[in-house]
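Below you'll find the structure, written out as structure tokens, and then a few comments.
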Amino acid sequence: MTRTFLFTAAGVMLAVSAGPALAQYQDASRAAPQTPPPAPPSAAEEPAQPSAGIRPSKGAMKAFVELQKAVNANDTANIPAKVAAAQAVATTPQDKYLLAQFQLKIAAAAHDIPGEAAAIDAIAASGLIEQDKLSRLYRGLGGAYYNAKQFDRAAAAFDRAIALNAGDIESMKLLGNARFAQGQNAQAAAAFQKAIQASTAAGQKPEEDLFKRGVQTAYDAKLPAAMDLSRAWVAAYPSPESWRNAIAIYRNTSRQDVEGTLDLLRLMRAAGALTTPGDYMLYATSAADQLNYNEAKAVVDEGVAAKRIDPAKPDFRDLIAALKKKPIATAADLATATSNAKNGMAVLRIGDRYYALRDYAKAADSYRKAKGQSGVDADVANIHLGMALAAAGDKAGATAAFKAVTGTRAGIAQLWLVYLQTHA
């Protein structure tokens, strides 16, 4: 998908193409299409007006009046001579500023990008224009270079605009587009991330497309920032789409065992982000690998009820048939198992089955009992305790449990913390 924007001094059209899809969640995930950021005002829409009272010097007045008449009449045959005459008598900064303004208008009408660049540099050299207006001129110049596929020069112009106005968020976005067009994904990601930070610092909520572009370019460049940006995206715009991509990126950039995979799938389920048959199949088989047939069956039943699973399809038909032959624990079974549990891991797995039965209070009790026992990974126990407390509505308790997670599973806990902030 391509969107076209008008934003240069010459009125040229900037077409920014969407980038490749985001990280895939297994083979079944579909990342969201990307769209470019909104266009900034064009130099034509916001011309660089001189400060009130700027006039040509007495000796230059006649030449400038004649030049103005020629430009207004679009008298292309006589404009070069009128420009030369004005140049010959332009001596003051005011003269040079006004001459550069005429030259910018002439170059814009002729689609002469080098002429525009020279005129804007002359306007800058005069010192008679406010920095924010000059920043917009360089932004428009960058757009003209972008359309001409001169991406190095486009990036340089956007950099100049940002240097003139540190709060120029639009130029930051456009710099990211230019770097992306060059294939410089790391630099593009840095520009998009800077735009997100600047928007937030200014009290503005960055638009979602900006997050998507930042995530995309950082992921393509294999940067650690991809995870930070994806968490920021899902925190600002929680949706099945953003959750799927955030979790996909984490899974694709970290090595997850069955435990970690299952905990991430549980997060997808909680966030309403299980949307494809592949999601349900992976979830059910991962739970079954831990002999948690209660959870495997519950997930399959949900997928069928939501019409996201066709139980007649061979894979699911076989899975459903297999699960029917497996023992499904009842609350009474779990109470007996708790009394007979011989180690901490058995208690933790009992908690997982209570979690599958949606008895979150008893699940939390089991996880608390399991913590600290020999053979129990404290980080796993805390993640599971946080999940149970989150489902029970105990946000404070869940937050404490997730914050206690360290080491290789901390990233999973951080995603669950985002979920708490946006859902619980």
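In terms of the side-chain hydrogen bond (donor to acceptor under 3.5 Å, both in side chains) criterion, D377 has no residue partners (sequence neighbours excluded). Listed by chain and residue number, nothing satisfies the side-chain hydrogen bond (donor to acceptor under 3.5 Å, both in side chains) test with S199 (two or more places apart in sequence, or in another chain). Qualifying salt bridge (Lys or Arg N to Asp or Glu O under 4.0 Å) partners for D228, counting only residues two or more places apart in sequence or in other chains: R231.
Side-chain contact check for D279 and T276: at least one donor-acceptor pair (N or O, by modelled atom type) lies under 3.5 Å. Between N177 and R213, the side chains place a donor N or O and an acceptor N or O closer than 3.5 Å (distance only, hydrogens not considered).
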Practice item. Using the salt bridge (charged side-chain N to carboxylate O under 4.0 Å, His left out) rule, take R368 and D365 through it: C-alpha gap first, then chi angles, then the decisive distance, then the call. Key: CA-CA 5 Å; R368 290 191 185 100; D365 286 342; 3.4 Å; yes
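Checked against a 6.0 Å centroid threshold, the rings of Y138 and F158 do not count as neighbours.
For residues 367-393, the pairs satisfying ring pair (Phe, Tyr, Trp, His ring centres under 6.0 Å) are Y367-H384, with sequence neighbours left out.
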Could you tabulate the donor-acceptor pairs under 3.5 Å formed by side-chain atoms of residues 319-346, not counting sequence neighbours?
residue	atom	partner	partner atom	Å
T330	OG1	A332	N	3.4
T330	OG1	D333	N	3.1
T330	OG1	D333	OD2	3.0
D333	OD2	T330	N	2.9
T336	OG1	A332	O	3.2
T338	OG1	L334	O	2.8
S339	OG	A335	O	3.3
N340	ND2	T336	O	3.3
N343	OD1	M345	N	3.2
N343	OD1	A346	N	2.8

Exercise answer: donor-acceptor pairs, residues 305-312 side-chain atoms, under 3.5 Å, sequence neighbours excluded:
residue	atom	partner	partner atom	Å
R308	NH1	L274	O	2.9
D310	OD1	A312	N	2.9

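A salt bridge between E259 and R409 is absent, with no side-chain N of the basic residue lying under 4.0 Å from a carboxylate O of the acidic one.
Counting heavy atoms from C-beta on, the side chains of I412 and Y250 come closer than 4.5 Å.
Between H423 and W243, the two ring planes are tilted [angle within 30° to 60°].
Taking the ring centre of Y237 as origin, the terminal cationic atom of K212 falls outside the region bounded by 6.0 Å and 45° from the ring axis.
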